[in-house]
Amino acid sequence: MAALIPKTFLQIAKAPGIGAVASVQVCNYSQKPRIIKNPSLANMKRGTGGRSSFNGIVCTVFGGNGFIGKHVIGRLGRMGTQIIIPYRKDFYDVQSLKLCGDLGQVLFHPFDLRDEDSILKCIKYSNVVINCIGCDWETKNFKYDDVHVDGAARLARICKQNGVERFIHLSCLNANPEPEPIFLEDGSKFLKSKWEGEWAVKREFPDATIIRPSDVYGTEDRFLVAYSHRWRLHMRGLPLGKNKGEDIEKQPVWVGDVAAGIVAVIKDYKSAGRTYQFVGSNRYKLSDLLDWFHEMLRRESVEYGYRRLNIKYTPLFNLKVSLTEMLSTAYPIGYLHWEGLEKDHTSDKIIKGVPTLEDLGIVITDIEMQLPWEIKPLRYDGNYEIAVGEYQDITPPKPIASAAQN
């Protein structure tokens with residue numbers, strides 16, 4: 001095999017700790033050599049770099065048809081990665097992702113999170129696996145623990161047993177074994193399951209990289225869409241707890257930065273076994289963010305009547321949340337459910353010493369620059385053409401000091 005590959009790209013060497021002959025390959029996207037544990041012509045990079053080449057990475061992205069997964073696949077395809085996208089519904093739900101890569105570089109395979117044989121087929125030829133699977137609400141088929149704990153541990157175990165080099169797991173910034181109860185008596189089961197999922201993955205795959213993103217905004221997200229949906233309103237007001245949102249601090253991050261951070265983790269071999277927290281560049285009060293959102297949505301006027309309400313004094317809204325959970329269990333209308341409210345009312349906690357996007361060399365996009373473009377399709381009366389000077393310039397909210405915790 002070595003005779004078929006130029007010596008400038010392949011050097012046969014004994015790699016310590018691997019126990020077999022390994023290959024050292026210099027990648028066009030990194031200055032560091034990448035150790036290939038099982039050298040073959042299939043996993044050697046080809047081409048000069050970019051979309052119409054192969055960078056030597058075969059990556060399986062679980063949850064690739066989700067909000068974050070789509071952006072990750074787009075960036076992987078742009079750098080010449082061969083991508084396997086497992087799907088559990090209809091193929092037509094994911095077929096549009098084939099355009100993210102060059103011809104023959106994006107492959108699909110059906111799978112079930114409880115079927116180990118189907119998982120094995122999806123990761124059999126991969127050297128990198130990314131787990132973007134998650135559920136914001138429980139259904140009759142999948143509870144939080146089924147997806148975030150048992151499912152994640154199953155993926156990590158199968159990847160470890162079959163020689164996958166890198167396993168990247170998406171968690172949540174505020175993951176906590178004992179979350180603060182706000183509306184639910186026992187606190188958020190979502191945040192608790194995310195914490196347990198991290199430890200379950202670490203037990204099965206000690207070198208796994210954990211990503212903890214804050215609230216992620218972007219096209220088709222569940223952050224801006226939830227707050228802009230009419231079902232989230234009550235009497236043209238927005239019910240909030242904790243002093244109408246004044247005591248809640250958020251540090252949202254753009255989905256493009258999250259995807260860029262995941263790709264940077266793949267490139268950096270030193271990131272194996274580490275935990276990263278992906279947050280935005282600035283920190284804000286949730287009340288200021290929501291006022292800014294609705295001003296850009298043109299819902300701040302007297303005619304529309306936008307205002308923030310105290311959720312303690314809106315019993316009909318509380319009843320609406322409970323009825324929404326009961327009547328629309330698969331997809332709650334407007335993403336309105338108690339677990340979502342519990343998570344939204346939890347302030348982002350930044351842990352001191354845990355690396356962030358800046359440590360990966362990512363220039364974080366300011367929300368003041370990106371969010372107006374993202375929120376434009378959700379704007380009230382969006383087809384209306386604005387005359388020059390008809391609306392005053394919208395002033396972004398002022399950031400507050402970051403509160404990193406030990």
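Along the sequence shown, residues carry numbers from 1.
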### Task
Please work out whether the ring planes of Tyr227 and Phe223 are parallel, tilted or perpendicular, with thresholds of 30° and 60°.
perpendicular
### Message
Once you measure the plane-to-plane angle for Phe67 and His71, does it fall in the parallel (<30°), tilted (30-60°) or perpendicular (>60°) bin?
### Response
perpendicular
Indicate whether the side chain of [X] and that of [Y] have a donor and an acceptor atom separated by less than 3.5 Å.
X	Y	result
Ser171	Glu198	yes
Asp366	Ser281	yes
Thr81	Arg75	no
Asp359	Tyr276	no
Thr365	Asp257	yes
Asp102	Ser52	yes

Got a salt bridge between [X] and [Y], using NZ or NE/NH1/NH2 to carboxylate O under 4.0 Å?
X	Y	result
Arg88	Asp112	no
Glu180	Lys242	yes
Arg308	Glu246	yes
Lys160	Glu204	no
Arg222	Asp136	yes
Asp146	Arg114	yes

### Task
First locate atom NE2 of His345, then atom NZ of Lys250, and finally report the distance between them rounded to the nearest 0.5 Å.
9.0 Å
### Query
Rounded to the nearest 0.5 Å, how far does CG of Leu113 lie from CD of Glu116?
10.0 Å
Exercise: identify the closest heavy-atom pair between [X] and [Y]:
X	Y	answer
Pro239	Gly237	CD-O, 3.4 Å
Ile333	Thr324	N-CG2, 3.6 Å
Val279	Ile364	O-CD1, 3.7 Å
Ser188	Glu342	CB-CG, 3.7 Å

With distance as the sole test, does [X] use its side chain to make a donor-acceptor pair with the main-chain N or O of [Y] at under 3.5 Å?
X	Y	result
Ser118	Phe111	no
Asn55	Met79	yes
Arg157	Phe205	no
Gln277	Arg212	no

### Summary
Result for ring pair (Phe, Tyr, Trp, His ring centres under 6.0 Å) between Trp338 and one of Phe183, Phe317, Trp137 points to Phe183
### Query
Between Lys343 and Phe190, is NZ or CZ placed under 6.0 angstrom from the six-membered ring centre and within 45° of the ring axis?
yes
